Amino acid sequence: MNNNINGKIAIITGASRGLGAAITKRLGNDGVKVVVNYHSDHQSANKVVKAIESANGQAIACKADVTSPSQVKEMVQYVQDTLGSVDIVVNNATGPQPTISVECQTWDDHLNPLHFFVKAPLLMLQAVLPQMRERASGVILNIGSEVVELGVPKFGHYVAAKAAMLGLTRSWANELGPMGIRVNLIAPGFIPVERHETVGKAEKADYAKSVPLRRQGTPDELANAVAFLVSDEARFIHGQKFAVNGGMTLL
Ligand SMILES: NC(=O)c1ccc[n+]([C@@H]2O[C@H](COP(=O)([O-])OP(=O)(O)OC[C@H]3O[C@@H](n4cnc5c(N)ncnc54)[C@H](OP(=O)(O)O)[C@@H]3O)[C@@H](O)[C@H]2O)c1
């Protein structure tokens, strides 16, 4: 339990697995009433809910495509009716992340990540903004990526969309700060989750070798940083980008 956050209401998008699930479990353990948003994997979302409940936390699963204006509105309305006004939004959901050489990248390849990292956060913000404005309080945390600094090749579509998310974070910080709404971005390094099970050991070891701390991070380590940033302990931290990557980027 964390008194700086206990009792708040948070929506974590894409929380059925991976980093979103770890973030949600951590916030649930801190006493946050968490909404486990997911798109298709009902079973995994329910497992996250059960894990939080079995540790005496409060969680609900909520299916919604975060790129759909009507589904985002319905989800936020459902949360308000079921739990109350939303205090915290963590924009974490992502679609597939293929690498594609620049000669082969289509405009649709660029639009896909933009839907997740620009459109979805905008829809989420617009849906919760009336509640946050009314209470002059709220926290938005965007999950970015270190690839913006690294400029990873064959990944321009994803890198550009994550860079756009950082731009949104900064613009929103200036626009929403005066309303009492804090906005920040966390940029994780390569942190293995379920979808990386097929990535070879050698590739992971190569990455780890280039990290100053000489290892990859864990979803729990990322979740620790999220728990701090969305809590009242971080109440004067605003408009910032935080790398959680063992020093892989030093900006
Ligand atoms: N893991 C890393 O190494 C790493 C590094 C840097 C940045 N990041 C960022 O961290 C975030 C989480 O990454 P991850 O690796 O944990 O991803 P992941 O394991 O692939 O999980 C993606 C999540 O997004 C959900 N999702 C997919 N489409 C959705 C939609 N249309 N609406 C709502 N939810 C949807 C999935 O739900 P379903 O299961 O229901 O489909 C799943 O819960 C992403 O923003 C990613 O870019 C990750």
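The basis for the numbers below is simple: all heavy atoms, side chains too, and nothing from hydrogens, waters or symmetry mates. Start at 1 and go down the list; that is how both ligands and their atoms are numbered. Fair warning: this is a prediction, and the values are worked out from it, not measured in the lab.
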Using a 4.0 Å heavy-atom cut-off, say whether [X] meets ligand 1 through its side chain, its backbone, both or neither.
{"X": "H196", "result": "side chain"}
{"X": "P219", "result": "neither"}
{"X": "N37", "result": "side chain"}
{"X": "D41", "result": "both"}
{"X": "A64", "result": "backbone"}
{"X": "K162", "result": "side chain"}

Taking distance alone, with N or O pairs closer than 3.5 Å, would you say [X] contacts ligand 1?
{"X": "D65", "value": "yes"}
{"X": "R17", "value": "yes"}
{"X": "G14", "value": "yes"}
{"X": "G20", "value": "no"}
{"X": "I191", "value": "yes"}

* To do: Go through the steps to decide whether H238 and F236 satisfy the test ring pair (Phe, Tyr, Trp, His ring centres under 6.0 Å), and finish with yes or no.
  => CA-CA 6 Å; H238 183 55; F236 202 53; 9.1 Å; no

* Asked: Hey, any chance I237 and L141 share a hydrophobic cluster, counting ILVMFWY side chains that come within less than 4.5 Å of each other, even indirectly?
  -> yes

Identity and separation of the nearest protein heavy atom to [atom]:
{"atom": "atom 16 (O) of ligand 1", "result": "L19 N, 2.7 Å"}
{"atom": "atom 35 (C) of ligand 1", "result": "H39 CB, 3.5 Å"}
{"atom": "atom 41 (O) of ligand 1", "result": "S40 OG, 3.2 Å"}

* To do: Using heavy-atom distances, let me know which of N142, T94, V72 sits nearest atom 22 (C) of ligand 1.
  => T94

If you count the non-hydrogen atoms of other residues, nucleotides and ligands that lie under 6.0 Å from [atom1] in [X], is the total more than 12?
{"X": "E134", "atom1": "CD", "answer": "no"}
{"X": "R235", "atom1": "CZ", "answer": "no"}
{"X": "H196", "atom1": "NE2", "answer": "yes"}
{"X": "K47", "atom1": "NZ", "answer": "no"}

* Could you state the interatomic distance from CD1 (I140) to CD1 (I181), rounded to the nearest 0.5 Å? -> 6.5 Å

* Asked: Would you call R135-D87 a salt bridge at under 4.0 Å N-O?
  -> yes

* Structure fact -> Test side chain to side chain contact (heavy atoms under 4.5 Å, CB included), reference H115, set T67, V66, D65, L123, output is T67

